[in-house]
Amino acid sequence: MFGRKSTFVSAPPRRGPRDGFSETVIRVVEEIGPAVIGIRRTSRARDLYDGAGSGVIISPDGYALTNNHVVRGAGRIEGVLNDGSVTTAEIVGTDPDTDLALLRLNGRMHASAELGDSDALKVGELAIAIGNPLGLQATVTAGVISALRRTLRGESGRLIEDVIQTDAALNPGNSGGALVDGDGAVVGINTAIIGGAQGLCFAVPSNTAKLVIPELMRDGRVSRGWFGIAGQTQELSRALARRVGLDVGSGVLVAAVNSGGPAEAAGLRVGDVVLKLDGLSTPSVDAVHKVLTRDKIGRKVALDVLRDGVIVKLNLQVTERPDERRRA
């Protein structure tokens with residue numbers, strides 16, 4: 001047996017160039033990977049690490065985007081850079097309504113990524129997620145854009161509009177990381193998965209982030225309009241809608257009016273149903289929130305309400321929303 005020649009099977013030589021898909025993913029990861037960071041935080045009560053997530057650096061001077069829920073209630077925040085080094089970070093501003101937060105990392109000349117145009121996305125195109133799931137730094141998954149213009153309920157109760165759905169696998173810790181297109185542009189900030197489901201993952205679009213970032217830099221928060229009611233969506237009978245000439249079958253029932261608020265000053269009453277705000281139909285509470293943007297603050301707008309079966313027109317002065325975030 002020892003006189004026989006041993007035969008070893010060697011691995012076949014590498015075949016030709018990698019396929020186009022692999023080449024694209026590799027290129028994107030090499031470009032954007034250094035800008036994606038791990039985030040770890042301590043609680044305010046105890047200086048012990050109690051949470052982790054991901055972030056993406058968007059400027060060489062250290063501004064980084066992540067999710068609001070990643071840093072909410074944090075005492076101390078650290079960024080773990082792509083090379084494994086750790087730097088401290090501070091919160092510049094947060095916006096629970098879009099689940100976005102802006103951080104500033106210490107140091108300069110950070111690797112950074114460019115925010116792309118999420119409105120230009122097409123269903124079916126390549127989507128690459130980069131983050132730190134379960135503490136595993138610089139993890140890459142790939143899939144496609146599964147759907148566009150989804151809505152997702154934010155922490156404040158408001159809907160986040162135009163959310164991107166992808167099947168690029170996400171896990172706890174991916175929150176705040178980058179969703180990147182095939183050109184290497186960050187088109188979303190990964191924010192949520194649906195427990196018990198496979199391939200249902202969501203990202204806040206980059207164009208939403210572009211709108212939020214300037215206000216977070218300037219004020220540390222995003223200002224939105226408010227008129228001082230608590231309301232709920234109210235279906236209207238077809239007969240009633242036809243009789244008063246409505247083109248929608250629901251409105252917002254006023255359940256409470258804040259004392260001293262704009263709605264009280266305008267003469268709004270409990271039991272009224274808000275049908276239009278500034279000429280736009282309001283078939284739901286979410287529709288009211290969508291109208292109450294920053295540009296409405298300080299303006300007087302028309303308010304159409306249904307009262308005792310009759311449409312009444314009021315004028316309402318929109319003010320800036322206070323911290324009671326669940327009110328309309």
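By convention here, the first residue in the shown sequence is residue 1. Quick caveat: nothing in here was measured; it's all calculated off a predicted structure.
Of the candidates I311, V305, V252, L275 forms a side-chain contact (heavy atoms from CB on, under 4.5 Å) with just one, namely I311. Among D99, T98, N68, the single residue meeting the side chain to side chain donor-acceptor pair (under 3.5 Å) criterion with T191 is D99. With respect to R224, the side-chain contact (heavy atoms from CB on, under 4.5 Å) criterion is satisfied by exactly one of R158, R294, K296: R158.
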Applying salt bridge (Lys or Arg N to Asp or Glu O under 4.0 Å) to E320 and R221, what does each step give before you reach the verdict? CA-CA 12 Å; E320 184 175 352; R221 60 189 179 88; 2.6 Å; yes

Given R40 and E78, is the salt bridge (Lys or Arg N to Asp or Glu O under 4.0 Å) satisfied, shown in steps? CA-CA 5 Å; R40 58 192 190 193; E78 294 177 338; 2.8 Å; yes

Stepwise, does the salt bridge (Lys or Arg N to Asp or Glu O under 4.0 Å) test hold for R27 with E31? CA-CA 6 Å; R27 173 180 52 79; E31 291 176 4; 3.8 Å; yes

Candidate pair R307 and D272, rule salt bridge (Lys or Arg N to Asp or Glu O under 4.0 Å), full reasoning: CA-CA 5 Å; R307 178 181 294 168; D272 287 345; 2.8 Å; yes

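There is no side-chain donor-acceptor pair under 3.5 Å between S284 and D286. Using modelled atom types and a 3.5 Å distance limit, the side chains of D117 and N207 yield a donor-acceptor pair.
Taking each heavy atom of S175 and N67 in turn, the nearest pair found is CB-OD1, 3.2 Å. A pairwise comparison of heavy atoms in G84 and V80 identifies O-CG1, 4.2 Å as the closest pair. Closest approach of P133 and T139 over heavy atoms only: CD-CB, 3.5 Å. The two atoms that bring A302 and N315 nearest to each other are CA-OD1, 4.3 Å, heavy atoms only. The heavy-atom pair separating G228 from A263 by the smallest distance is O-CB, 3.7 Å.
The shortest distance between side-chain heavy atoms of T66 and L103 falls below 4.5 Å. When side chains are defined from C-beta on, T88 does not count as touching I77, because their heavy atoms never get closer than 4.5 Å.
Applying the salt bridge (charged side-chain N to carboxylate O under 4.0 Å, His left out) rule to pairs touching residues 122-151 yields nothing, sequence neighbours excluded.
Side-chain heavy atoms closer than 4.5 Å link hydrophobic residues (I, L, V, M, F, W, Y) into clusters, and following such links, possibly through other members, connects V285 to L277. A single hydrophobic cluster is not seen to contain both I37 and L102; linkage of ILVMFWY side chains at heavy-atom distances under 4.5 Å, directly or through other members, places them apart.
In this structure, CG on D95 lies 8.5 Å from CD on E215, to the nearest 0.5 angstrom.
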